[in-house]
Amino acid sequence: MIKVEALIRPQKLEDVKAALSEIGIKGMTVTEVRGSGKQKGFTQTYRGAEYTVNLLQKVKIEIVVPDSEARTIANAIVEAARTGEIGDGKIFLIPVAEVIRIRTGEDGESAIS
Ligand SMILES: Nc1ncnc2c1ncn2[C@@H]1O[C@H](COP(=O)(O)OP(=O)(O)OP(=O)(O)O)[C@@H](O)[C@H]1O
Ligand SMILES: [Mg+2]
């Protein structure tokens, strides 16, 4: 199993949710976070101005799926979240060792389907 962890612009959340719904994704966790990337959180680079890291509001979406679905989901997020400007975000694909559904005790892929 893989955790698809996407950091996106908050204003793209509704578009991404719609795209995920279209491909049948149900389980997800969404968190408001702050972060920075290559530009250290500055949308413009002023000469000599980047002394500090500036943390910008982002939304983190986490979805755990079977390995075979991870790339499709990542591609759907890329398409829905892209503006083409810096700060569009990133997606991390992270291995997940185990999943357990608390209600039933099911584990493995049956706990996420
Ligand atoms: N290396 C990283 N590790 C952890 N989180 C990161 C990393 N890079 C980016 N992020 C997260 O992704 C968010 C969006 O990053 P951002 O889109 O600015 O990435 P970037 O690599 O600078 O790409 P771009 O050049 O398009 O801006 C950040 O606010 C941060 O939450
Ligand atoms: Mg950036």
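Computed from a prediction, not measured in an experiment: that's the story for all the values here. We count ligands from 1, going down the list as the structure has it; atoms in each ligand are counted the same way.
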Mind checking whether [X] and [Y] sit in one hydrophobic cluster, side chains of I, L, V, M, F, W, Y counted as touching below 4.5 Å?
X: L93; Y: V30; result: yes
X: V64; Y: I61; result: no
X: V59; Y: M28; result: yes
X: I94; Y: L7; result: yes
X: I2; Y: I91; result: yes

How far is [atom] from the closest protein heavy atom, and which atom is that?
atom: atom 24 (P) of ligand 1; result: G87 N, 3.6 Å
atom: atom 30 (C) of ligand 1; result: S36 O, 3.5 Å
atom: atom 29 (O) of ligand 1; result: G35 C, 2.9 Å
atom: atom 21 (O) of ligand 1; result: K90 NZ, 2.4 Å
atom: atom 14 (C) of ligand 1; result: G89 CA, 3.6 Å
atom: atom 25 (O) of ligand 1; result: Q39 NE2, 3.0 Å
atom: atom 22 (O) of ligand 1; result: K38 N, 2.7 Å
atom: atom 7 (C) of ligand 1; result: F92 CZ, 3.9 Å

Protein heavy-atom contact under 4.0 Å for atom 10 (N) of ligand 1? yes
Exercise check, heavy-atom protein proximity under 4.0 Å to atom 1 (N) of ligand 1: no
Applying salt bridge (charged side-chain N to carboxylate O under 4.0 Å, His left out), which residue pairs with at least one partner in residues 60-83 are found, sequence neighbours left out? K3-E62
Minimum heavy-atom distance A19-A76, with the two atoms named: CB-O, 4.2 Å
Do any nitrogen or oxygen atoms of R34 come within less than 3.5 Å of a nitrogen or oxygen of ligand 1? no
Does the N or O separation between K58 and ligand 1 drop below 3.5 Å for any pair? no
Donor-acceptor check, side chain of K58 to backbone of G87, threshold 3.5 angstrom: yes or no? yes
Quick check: does any side chain N or O of R101 sit under 3.5 Å from a backbone N or O of S110, one acting as donor and the other as acceptor? yes
Return the set of residues passing side chain to side chain contact (heavy atoms under 4.5 Å, CB included) with E109 (not counting sequence neighbours), or none when no residue passes. M1, P66
Do L20 and E22 have side chains that get closer than 4.5 Å, going by heavy atoms? no
Using distance only, find each side-chain donor-acceptor pair of residues 8-16 under 3.5 Å and give its atom names and separation, not counting sequence neighbours.
{"from": "R9", "atom 1": "NE", "to": "D88", "atom 2": "OD1", "distance (Å)": "2.8"}
{"from": "R9", "atom 1": "NH2", "to": "T83", "atom 2": "OG1", "distance (Å)": "3.4"}
{"from": "R9", "atom 1": "NH2", "to": "E85", "atom 2": "O", "distance (Å)": "3.2"}
{"from": "R9", "atom 1": "NH2", "to": "I86", "atom 2": "O", "distance (Å)": "2.8"}
{"from": "R9", "atom 1": "NH2", "to": "D88", "atom 2": "OD1", "distance (Å)": "2.8"}
{"from": "E14", "atom 1": "OE2", "to": "K17", "atom 2": "NZ", "distance (Å)": "3.3"}

Ligand-residue contact atoms, ligand 1 with I86, heavy atoms, under 4.0 Å: 26 (O), 27 (O)
Check each atom of ligand 1 against the heavy atoms of L7 and keep those under 4.0 Å away; list them by number with element. 11 (C), 12 (O), 13 (C), 31 (O)
Atom CD of E32 with >12 non-hydrogen neighbours under 6.0 angstrom: no
Applying a strict 4.0 Å limit to heavy atoms, is D88 in contact with ligand 1? yes
With a cut-off of 2.8 Å, how many protein N, O or S atoms neighbour the Mg ion (ligand 2)? 1
